[in-house]
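Note on naming: letters A, B, ... go to the chains in the order of the sequence lines (proteins, then strands), and numbering restarts at 1 for each one. The structure displayed is predicted, hence computed values, not measured ones.
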Amino acid sequence: MKAKSERWFGPNEIAKRLGLSTKALRVYEREGLLHPHRTEAGWRVYGPAHVERLHLILVLRDLGLSLKGIKALIEGRQADLQTVLVVQQESLEAQRKKIDRAIDLLVTARNRLNNGQTLSLDDFINLTRDARMDQRPSPVILKADFETALRDQFPNIANEALAHINQAVADGRMPTKNYAGSKLDTSNGDFTTVFEDMIKEASILMAEGDETSDRAKALARDWNAQSIGLKPAEKSVSEAIQTAFWGTVNDPKSPKSPIFDPEIFRFVATVIKGMKERGEI
DNA sequence: ATTCTCACA
DNA sequence: TGTGAGAA
């Protein structure tokens, strides 16, 4: 016995009523979220149960769930639901970080303008750079940029320079520790993280201002070992590597590059100089 | 006015 | 995660 409200709709009508496209309807069906009835001719028909299901799908979709996640929910697969929710939460938190950073940027920019200060393109670049300071660039990308810079600026000796670097890495002549004490794996060529960590450590120590602390000395030793270990025989090759690498690391136009204060060079040089004078290195 | 598939964002 | 085209 069917209720009198038992109404059936074609794809177009149901789509209109729910503010969907028939295309979307079929995507949901393809993904296993919905199984409309078929007429003998093979045309889809949607009944009350389907409308209800559609409402559920829409709500869940507005919550930001993926179709997969919705499916897991509908099928009551709790284990999958867990991971779905975790993934969704992580995604939302990542979005929030991005937005927070953007807002900070805008607030400081507007403050400057309100104080009658101008805001040049350079200022803006500096702002975004500061906002990105704590972002971790991918060593792989950084390495790719470095190689590109090397080939661009020193096409005739790029291959030789890269061979030197690879050899140094293969020989274990690169620093293999970061300053949180954990091991870094440079065997795959991702030695750039070591430099990033050294730069970061240097900036911390520079702020502390103690050029004779144990931490400063440890850093100086690794910094020194790095330059010695990497140093090719040829001066021109050595200079090419230096120029290309630091140019890459310090390129303000590249959003993925960490920026460091050139003062860091001076600080580390001072530490090394002091250690040499005291015969500690 | 519906079906399906394919390429594309 | 959808969309638009084109054929049936």
> Are Glu31(A) and Lys68(A) close enough for a salt bridge, meaning some N to O gap below 4.0 Å?
Replying inline: no
> What are the residues of residues 54-67 of chain A, sorted by number, that bring a heavy atom to within less than 4.0 Å of DNA chain C?
Replying inline: Arg61(A), Ser66(A), Leu67(A)
> Hey, can you pull the residues of residues 34-43 of chain A with a non-hydrogen atom under 4.0 angstrom from DNA chain B?
Replying inline: Arg38(A), Gly42(A), Trp43(A)
> Which nucleotide of DNA chain B is the first, and which the last, in the 5' to 3' direction, to come under 4.0 Å of a heavy atom belonging to chain A?
Replying inline: dT2(B) to dT5(B)
>> For a side chain to side chain contact (heavy atoms under 4.5 Å, CB included) check, start with the C-alpha distance between Arg112(A) and Thr118(A), then their side-chain angles and the critical distance, and finish with the verdict.
In response: CA-CA 7 Å; Arg112(A) 293 222 182 157; Thr118(A) 62; over 6 Å; no
>> Check the orientation of Trp246(A) and Trp223(A). Use parallel for under 30°, tilted for 30 to 60°, and perpendicular for over 60°.
In response: parallel
> What do you reckon, is CD of Glu93(A) surrounded by more than 12 foreign heavy atoms closer than 6.0 Å?
Replying inline: yes
>> So does Ala220(A) get a backbone contact from the side chain of Asn224(A), meaning a donor-acceptor N/O pair under 3.5 Å?
In response: no
>> Using atom C1' in both nucleotides, what's the gap between dA8(C) and dA1(B) to the nearest angstrom?
In response: 14 Å
> For Glu29(A), what residues pass the salt bridge (charged side-chain N to carboxylate O under 4.0 Å, His left out) criterion, not counting sequence neighbours?
Replying inline: Arg38(A), Arg44(A)
> Is the side chain of His50(A) donor-acceptor paired with the backbone N or O of His35(A) at a distance under 3.5 Å, no angle test?
Replying inline: yes
>> Any side-chain to backbone donor/acceptor pair from Arg215(A) onto Leu205(A)? Under 3.5 Å, distance only.
In response: no
> Taking C-beta and beyond as the side chain, do His37(A) and Trp43(A) meet within less than 4.5 Å on heavy atoms?
Replying inline: no
Just the table, please: protein N/O against nucleotides 4-8 of chain C N/O, every pair under 3.5 Å.
from	atom 1	to	atom 2	distance (Å)
dG4(C)	N7	Lys23(A)	NZ	3.0
dG4(C)	O6	Lys23(A)	NZ	3.1
dA5(C)	N6	Lys23(A)	NZ	2.8

> Taking a hydrophobic cluster as the set of Ile, Leu, Val, Met, Phe, Trp and Tyr residues connected by side-chain heavy atoms closer than 4.5 Å, whether directly or through intermediates, do Leu106(A) and Leu113(A) fall within one such cluster?
Replying inline: no
>> For Arg278(A), give me all partners under salt bridge (charged side-chain N to carboxylate O under 4.0 Å, His left out), at least two apart in sequence or on another chain.
In response: Glu280(A)
> Think Tyr28(A) has a side-chain N or O under 4.0 angstrom from the OP1 or OP2 of dG2(C)?
Replying inline: yes
>> One pair to check against side chain to side chain contact (heavy atoms under 4.5 Å, CB included): Phe9(A) and Val45(A). What are the steps and the verdict?
In response: CA-CA 6 Å; Phe9(A) 304 94; Val45(A) 277; over 6 Å; no
>> Could you tell me if Arg7(A) and Tyr46(A) have a donor-acceptor pair between their side chains, going purely by distance under 3.5 Å?
In response: no
